[in-house]
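Heads up, the thing below is written out as structure tokens.
Everything numeric here is computed off the predicted structure, so don't read it as measured data.
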Amino acid sequence: MKTSLKTLALTALLATLVGGLPSAAKALGFVPLGEGALPSGTLVQNFQFTIYPGESVPWHYHPGPIYGVIVSGTLTEDEGCGRPVQAISAGSAFTEETGKVHQVFNYGTGPVVIIFTFIVPPSYAGYTGTIYVDGPRCEGKSGRSHLESPP
């Protein structure tokens, strides 16, 4: 019973979060797969994320490192600051460092399905680990964006 109540609460929280996403991200699919705490209190969160054809996730960053595996489709990532966009195809894995501002797109004809693992501070329980921003703050002509700090 305890597990089903936790799952129900997490699902309700996720519905609230997705409801607050920018309009470009509202049709996205999000399935929580599990969350656990390390002895330090740091959380490990796993979920499946689907971006449908023509959809995108606007400029954002995460409060901890993430690891992803593309299960299907090709994800296009834009880090801004004059850097070339990167296409990440099915069967590929990737990581993003804490605070890296980026936006992602599905320019393909089928869904992009990603299995994610987030490592986040305890204050991000229940997946509140995507922080939307207006865009990257570029560091001079380096082609890198300034890393943001979680609130």
Side-chain angles (χ1 to χ4, degrees), residues 2-38 41-136 143-145 147-148 150-151:
K2 183 178 177 183
T3 301
S4 63
L5 287 176
K6 183 176 178 179
T7 301
L8 181 61
L10 182 57
T11 302
L13 175 63
L14 294 173
T16 301
L17 291 171
V18 171
L21 288 174
S23 61
K26 287 193 177 184
L28 305 173
F30 185 92
V31 178
L33 301 175
E35 177 178 279
L38 297 170
T42 298
L43 297 174
V44 178
Q45 302 169 328
N46 289 326
F47 58 92
Q48 178 179 303
F49 190 59
T50 303
I51 304 173
Y52 297 98
E55 294 292 327
S56 64
V57 179
W59 294 110
H60 66 281
Y61 67 95
H62 307 284
I66 69 167
Y67 303 89
V69 175
I70 306 291
V71 177
S72 68
T74 298
L75 181 71
T76 301
E77 179 182 36
D78 179 8
E79 297 178 18
C81 299
R83 298 191 73 171
V85 297
Q86 178 182 12
I88 309 166
S89 58
S92 297
F94 64 95
T95 184
E96 292 176 6
E97 62 188 308
T98 302
K100 181 181 102 175
V101 175
H102 60 283
Q103 59 184 343
V104 295
F105 305 90
N106 178 355
Y107 292 131
T109 57
V112 172
V113 177
I114 309 163
I115 301 296
F116 275 118
T117 298
F118 274 44
I119 313 291
V120 296
S123 60
Y124 290 89
Y127 184 70
T128 56
T130 299
I131 301 162
Y132 293 93
V133 296
D134 291 331
R144 292 200 37 92
S145 70
L147 295 178
E148 300 294 334

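Rounded to the nearest 0.5 angstrom, Phe94 CZ and Gln86 CD are separated by 9.0 Å. Taking CZ from Phe118 and CG from Leu43, the interatomic distance works out to 12.0 Å, rounded to the nearest 0.5 Å. How far CD1 of Ile114 is from CZ of Phe30: 11.5 Å, rounded to the nearest 0.5 Å.
Side chain of Thr76 to main chain of Asn106: no donor-acceptor pair is present (N/O by atom type, distance under 3.5 Å, no hydrogens or angles). With hydrogens and angles disregarded, a donor-acceptor distance shorter than 3.5 Å links the side chain of Gln45 to the backbone of Tyr124. Remark: side-chain polar atoms of His60 are not paired, donor with acceptor, to backbone N or O of Gln103 under 3.5 angstrom.
Across all non-hydrogen atoms, the minimal contact from Phe47 to Pro32 is CB-CA, 3.9 Å. When all heavy atoms of Ile131 and Pro151 are compared, the pair lying nearest together is CD1-CD, 3.4 Å. Nearest heavy-atom pair across Lys100 and Glu96 is NZ-CG, 3.8 Å. Residues Gly108 and Pro53 share a closest heavy-atom pair of O-CB, 3.3 Å. Closest approach of Gly135 and Trp59 over heavy atoms only: CA-CG, 3.5 Å. In terms of heavy-atom proximity, Pro63 sits nearest to Val120 at CG-CG1, 4.1 Å.
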field: Derivation and outcome, side chain to side chain contact (heavy atoms under 4.5 Å, CB included), residues Phe116 and Leu33
entry: CA-CA 9 Å; Phe116 275 118; Leu33 301 175; over 6 Å; no
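Residues Phe105 and Ile51 form no side-chain contact, since every pair of their non-hydrogen atoms from C-beta on lies 4.5 Å or further apart.
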